[in-house]
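Convention: sequence-line order gives letters A, B, ...; per-chain numbering from 1. Hydrogens, waters and symmetry mates are skipped; everything else that's a heavy atom, side chains included, is used.
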Amino acid sequence: MARRIPDHLHPNPAVVAIWRVVAALPKGQVTTYGAIAERAGLGRSARQVGYALRIASPDLQLPWHRVVGAGGRLSLPREGEAYQQQCRRLSAEGVVVNNGRVRLAQSTSLDALLWGRQRC
DNA sequence: TCGATGACCTCTA
DNA sequence: ATAGAGGCCATCG
């Protein structure tokens with residue numbers, strides 16, 4: 001699951017710390033940028049999380065799609081390619097994406113099947 | 001050194 | 001529910 005991220009992959013320790021936290025996110029669970037910053041020991045530097053994900057190499061295979069904005073809002077341009085991919089990958093994990101929003105905190109797999117009209 | 005720039009967040013109106 | 005203003009903070013040119 002939580003794949004290890006070597007220190008030498010990036011000179012900035014904060015970036016590596018963020019990658020580690022993201023890599024540890026369980027499948028089907030979503031969190032916010034702010035929460036990740038907190039867990040990485042960066043306080044309110046939520047923007048750093050966005051930065052770290054943006055510069056991350058695809059080779060890392062980070063589950064970046066499990067990271068959303070506050071209130072469960074997808075924080076990517078809706079017209080972009082990345083947005084579509086995030087929607088699909090979340091849906092594939094049973095996370096309901098409704099009009100650019102996901103259910104934070106609750107989001108059990110059960111009502112995912114009941115509520116789930118995957119409108120990406 | 002400094003202003004611009006975000007895959008952000010919170011509070012108002 | 002939506003929009004705008006401010007705040008935040010590391011990076012970048």
Side-chain angles (χ1 to χ4, degrees):
Chain A
M1 263 319 192
R3 54 174 296 159
R4 289 165 41 254
I5 311 279
D7 290 333
H8 61 77
L9 279 185
H10 195 277
N12 188 336
V15 167
V16 178
I18 291 170
W19 287 347
R20 289 224 174 90
V21 173
V22 173
L25 288 177
K27 179 167 76 170
Q29 167 147 43
V30 296
T31 21
T32 66
Y33 293 88
I36 295 220
E38 203 79 32
R39 270 176 62 176
L42 302 177
R44 303 162 206 73
S45 301
R47 302 192 100 126
Q48 267 317 264
V49 177
Y51 169 74
L53 290 183
R54 187 171 62 82
I55 68 171
S57 162
D59 301 324
L60 290 178
Q61 308 255 15
L62 289 180
W64 57 268
H65 56 280
R66 312 206 253 248
V67 184
V68 301
R73 275 180 288 276
L74 299 202
S75 189
L76 283 80
R78 305 189 66 145
E79 59 274 8
E81 186 62 33
Y83 179 91
Q84 294 297 328
Q85 194 175 19
Q86 182 169 32
C87 263
R88 275 195 293 270
R89 288 171 111 173
L90 284 176
S91 299
E93 296 183 0
V95 178
V96 178
V97 184
N98 194 342
N99 196 25
R101 296 288 242 17
V102 304
R103 290 188 160 213
L104 240 33
Q106 309 137 30
S107 88
T108 61
S109 52
L110 197 145
D111 42 322
L113 295 174
L114 301 178
W115 271 81
R117 36 198 157 88
Q118 307 289 337
R119 188 192 323 165
C120 287

message = Please compare A:Gly71 and A:Gln86 by the position of their nearest nucleotide in DNA chain B and report the one closer to 5'.
response = A:Gln86
note = Atom OH of A:Tyr33 and atom P of C:dG7 are separated, to the nearest Å, by 24 Å
query = At under 4.0 Å between heavy atoms, what does A:Arg44 touch on the DNA or RNA strands: base, sugar-phosphate, or nothing?
reply = sugar-phosphate
request  = Write down the distance separating the P atoms in B:dA7 and C:dG6, rounded off to the nearest Å.
outcome  = 22 Å
message = Can you tell me if A:Arg54 touches the phosphate of B:dA7, counting only side-chain N or O atoms and a distance under 4.0 Å to OP1 or OP2?
response = yes
key: Selected nucleotide, minimal atom distance to A:Arg47 side chain, candidates B:dA7, C:dC8, B:dT10   = C:dC8
message = Heavy-atom nearest nucleotide on DNA chain B for A:Val68 versus A:Gln48: which residue maps closer to 5'?
response = A:Gln48
inquiry  = side chain to side chain contact (heavy atoms under 4.5 Å, CB included) for A:Arg103 and A:Val95? Distances and angles first, verdict last.
reply    = CA-CA 8 Å; A:Arg103 290 188 160 213; A:Val95 178; over 6 Å; no
key: Of the listed nucleotides C:dC9, B:dA7, B:dC9, the one nearest the side chain of A:Thr32   = B:dC9
inquiry  = Using heavy-atom distances to pick each residue's nearest nucleotide on DNA chain C, tell me which of A:Ser45 and A:Arg101 is more 5'.
reply    = A:Arg101
request  = Round to the nearest Å and state the distance from A:Ile18 atom CD1 to C:dA10 atom C1'.
outcome  = 10 Å
inquiry  = Any salt bridge linking A:Arg44 with A:Glu38? Criterion: basic side-chain nitrogen under 4.0 Å from a carboxylate oxygen.
reply    = no
message = Rounded to whole Å, how long is the line connecting atom CZ of A:Arg73 with atom C1' of C:dT2?
response = 10 Å
task = Would you kindly give the CD1-to-P distance between A:Ile55 and C:dA10, to the nearest whole Å?
result = 14 Å
ask   = Is a side-chain N or O of A:Trp19 found less than 3.5 angstrom from the main chain of A:Ala52, in a donor-acceptor match?
value = yes
request  = Pick base, sugar-phosphate or nothing for A:Tyr51, based on heavy-atom distances below 4.0 Å to the nucleic acid.
outcome  = sugar-phosphate
ask   = Which nucleotide in the list B:dC9, B:dA7, C:dC9 gets nearest to the side chain of A:Ala70?
value = B:dC9
query = Roughly how far, to the nearest 0.5 Å, is the CD atom of A:Gln29 from the CG atom of A:Leu90?
reply = 12.0 Å
query = What integer distance in Å separates A:Ile36:CD1 from B:dC9:C1'?
reply = 15 Å
ask   = Under a 4.5 Å cut-off applied to non-hydrogen side-chain atoms, are A:Gln85 and A:Cys87 in contact?
value = no
